[in-house]
Amino acid sequence: MSKEITSRLQDYAQWYNDLVIKGGLADYSAVRGCMVIKPYGFTLWENMRDQLDRMFKDTGHVNAYFPLFVPKSLFEAEEKNAEGFAKECAIVTHYRLKSDPDNKGKLIVDPEAKLEEELVVRPTSEAIIWSTYKTWIQSYRDLPLLINQWANVVRWEMRTRLFLRTTEFLWQEGHTAHATAQEAIEETTRMLDVYADFAENWMALPVIKGVKTASERFAGAIDTYCIEAMMQDGKALQAGTSHFLGQNFAKAFDVQFLNKENKQEYVWATSWGVSTRLIGALVMAHSDDDGLIIPPKIAPFQVVIVPIHKGEEQKAVIDAKVKTLVQELKLAGIRVKYDDNDNNRPGWKFAEYEKKGVPVRIAIGARDIENNTVEIARRDTKEKVSVGMDDLPLRIINLLQQIQQDMFDKAKAYRDEHITPANTWDEFVRLLNEKGGFISAHWDGTDETEEKIKEQTKATIRCIPLNGEAEEGKCILTGQPSKKRVLFAQAY
RNA sequence: CGGGAGGUAGUUCAGCCCGGUAGAAUACGUGGUUUGGGACCACGGGGUCGCAGGUUCGAAUCCUGUCCUCCCGACCA
């Protein structure tokens, strides 16, 4: 048991905070609701970002960058979108400070420097991007337009949590324009598939693909598709969204193209995004009371090597051996760190790297040199084995793959155990209180019922699963007929 | 915005009630002994006690004001 980390059982929220802070991912900052992403956390993000970026490019997208600021008049053009985000916008009203005449050394906002038109700090970029697309799109030959941007956005949330909900966060947002609704819908689901692929195969995070109900839909979208993940406390977390925007933004920004028949048509749009929130999902899905557990494919370090030696002579022998090993491992494409820092003893390092979630630890001491072995320890299972040094890279590659797979299987088993059908209201309430997780239940399809259920249980409809089968049933609350089960859960 | 906790060394905190030379642990630096699960000894550097007023011979401590952060809830990715 770690000396520093609160156990999940004792205080789940504190456990999460401890992991983020003490695992070295991020720090609180001087700015309310904003965090500093530390190098270890940022390397993790870079690894995730780089892989997602490859996947976007493999599906035909290119990157661009649009401004941080959105003139208010553009922001309000798409009414629903503007309304949805209005109450969480930061707004720039002035462009200059000046010395405070009454308070030496202090600055005040210069009232002379008020902007003619306020600038909204983007909470999302549809407005600025679609105002630009208007000038880029004339003909069906300009379509599809498949653009992604990596950016920061600001949403002035009332309550923030490290990674899960910060005032400023990093994300990517894809914004595409298409000639037909069909194409746009295909794009929407294609990107949902990319997200699910990434979550499952890179983050070892099993997700459920689904579509949001009207009340949970992105402001300005026709349909919002999502991937939903399950955390260890039985609460759901939305890990990514892909929106079919119809012609809403094209109409708001008057983006038309000439089709093959020489007729003007509004273009069809999608947008899709994932954010640094994924890191929160990763932390909460996999880690334990000793610290983070990071899946090998995206771990900043996949392997850490710790030397154990008595005296400088032994150290020199170990150093020489490790130097070769590191070279071999790097050549095999493994991200490896050799920690020969003399300040800390091996035991301290073991605990430290467990806290940081490094998937594999290799310990090498005099005993190993003598026997031509190393000790390999897995972070996820804590298993330790002593193995021969020969073929180490291959062995490590296989082990990393195994860990990646085992982490996914474990998370999936947990997730699957926490999808429970409920057929009566009593059962529904009892499951939510006693077990948590996703509750699969019938719903009559109305906003009112959804809202009532939320008021009474705090559970919301996370999604209507895409793979759900048609089934006649009765709404859990109203008894009205329903044709398909939906997934309820309390969510982050 | 409501409720709670808090701001003193890099970090975690004690000291405040009852005013009188700013402390501990840990981290850091140097030297030495160590190293198979969070080592130890010696010496050393480091703090305008969140900020601004006030009371007082004297304020980290008492009073007033103010700023900020974290946690819980309502809002949300």
Side-chain angles (χ1 to χ4, degrees), chain A residues 1-6 11-14 16-18 21-22 27-35 84-89 103 106 123-124 153-173 195 212 215-219 224 226-229 236-243 271-281 290-291 306-312 314-315 318 339-355 361-371 373-375 377 382 384 386 454-455 458 460 462 491-492:
Chain A
M1 188 70 61
S2 170
K3 290 179 176 175
E4 303 174 0
I5 296 170
T6 308
D11 184 344
Y12 190 86
Q14 190 56 45
Y16 173 78
N17 287 333
D18 284 352
I21 300 292
K22 290 167 182 169
D27 243 343
Y28 293 115
S29 75
V31 191
R32 182 178 66 103
C34 295
M35 64 176 179
F85 284 101
K87 59 189 184 303
E88 53 192 70
C89 286
N103 207 342
K106 304 289 183 189
T124 179
V153 288
V154 168
R155 294 182 187 176
W156 214 270
E157 304 286 357
M158 288 172 179
R159 188 157 135 55
T160 56
R161 298 196 64 184
L162 295 165
F163 285 114
L164 297 176
R165 185 171 300 105
T166 47
T167 301
E168 178 191 13
F169 58 93
L170 304 184
W171 76 343
Q172 58 70 218
E173 45 182 329
Y195 287 155
K212 288 289 187 189
S215 71
E216 298 273 330
R217 200 175 282 154
F218 177 75
T224 288
C226 62
I227 50 172
E228 292 284 329
L237 188 136
Q238 179 174 306
T241 47
S242 184
H243 315 291
S271 70
W272 28 274
V274 295
S275 70
T276 36
R277 178 179 233 212
L278 282 177
I279 293 177
D290 292 323
V306 176
I308 302 163
H309 56 89
K310 295 184 172 68
E312 284 305 309
Q314 278 188 9
K315 173 73 166 37
I318 292 169
D339 185 355
D340 65 344
N341 187 334
D342 199 37
N343 288 354
N344 301 308
R345 292 161 43 121
W348 189 91
K349 292 177 186 173
F350 293 172
E352 179 67 11
Y353 291 108
E354 276 163 14
K355 201 166 70 187
R361 180 185 75 232
I362 297 178
I364 177 165
R367 206 162 72 200
D368 295 300
I369 296 287
E370 204 171 299
N371 301 330
T373 57
V374 294
E375 182 192 77
K382 297 284 185 65
K384 290 193 279 195
S386 191
K454 184 180 177 183
E455 276 171 22
K458 287 186 184 170
T460 50
R462 300 322 302 156
Y492 278 98

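Residue numbers start from 1 in every chain, and the chains themselves are labelled A, B, ... in the order their sequence lines are given, proteins ahead of strands.
For B/G36, one of the phosphate oxygens OP1 or OP2 lies less than 4.0 angstrom from a side-chain nitrogen or oxygen of A/Arg345. Close to B/C71, at under 4.0 Å from its OP1 or OP2, lies a side-chain N or O of A/Asn17.
A/Glu352 comes within 4.0 angstrom of a base, heavy atoms only. Contacts of A/Gly33 with the nucleic acid, taken as non-hydrogen atoms under 4.0 Å apart, involve only primed sugar atoms and P, OP1 or OP2. The residue A/Ala366 sits close to a base: some heavy atom pair falls under 4.0 Å. A/Phe350 comes within 4.0 angstrom of a nucleotide base, judged by non-hydrogen atoms across all strands. Counting any heavy atom pair closer than 4.0 Å across all strands shown, A/Gln238 reaches sugar-phosphate atoms only and no base atom. Across all strands shown, A/Glu354 has heavy atoms under 4.0 Å from base atoms, whether or not it also approaches the sugar-phosphate. Looking at heavy-atom distances under 4.0 Å, A/Asp342 makes contact with a base. Across all strands, A/Gln314 comes closer than 4.0 Å to no nucleic acid atom at all (heavy-atom distances). Nucleic acid contact for A/Leu237: none, since no nucleic acid atom lies under 4.0 Å from a heavy atom of the residue. Residue contacts shown for A/Val274 are absent, as no nucleic acid heavy atom lies under 4.0 Å away. Base engagement by A/Thr166 is indicated by at least one non-hydrogen atom pair under 4.0 Å involving a base atom. Residue contacts shown for A/Arg32 are limited to sugar-phosphate atoms, with no base heavy atom under 4.0 Å away. Within the nucleic acid shown, A/Phe218 has no heavy atom closer than 4.0 Å to any nucleic acid atom. Within 4.0 Å (heavy atoms only), A/Lys315 reaches no atom of the nucleic acid at all.
To the nearest whole angstrom, the two P atoms, one in B/G73 and one in B/U66, are 28 Å apart. For the P atom pair drawn from B/A59 and B/C17, the interatomic distance equals 14 Å after rounding to whole Å. If you take atom P in B/G23 and the same atom in B/U30, they sit 25 Å apart, rounded to whole Å.
Among the nucleotides B/A77, B/G38, B/U35, the one closest to any side-chain atom of A/Glu4 is B/G38. The side chain of A/Lys87 has B/C75 as its nearest neighbour among B/C75, B/G36, B/C28. Nearest to the side chain of A/Tyr28, among B/C71, B/U35, B/A77, sits B/C71. Here B/A74 is the nucleotide among B/C75, B/A74, B/U34 with the atom lying nearest to any side-chain atom of A/Lys458. Here B/U35 is the nucleotide among B/G29, B/C75, B/U35 with the atom lying nearest to any side-chain atom of A/Lys310.
Note on A/Lys22 versus A/Glu4: no salt bridge recorded, every NZ/NE/NH1/NH2 to OD/OE distance being 4.0 Å or above.
A/Lys355 contributes no side-chain N or O that forms a donor-acceptor pair with the base of B/G38 under 3.5 Å.
Rounded to an integer number of Å, the gap from A/Met35 CE to B/C70 P is 12 Å. Rounded to an integer number of Å, the gap from A/His243 NE2 to B/A77 C1' is 9 Å. Note: OH (A/Tyr16) to C1' (B/C70) measures 15 Å, nearest angstrom.
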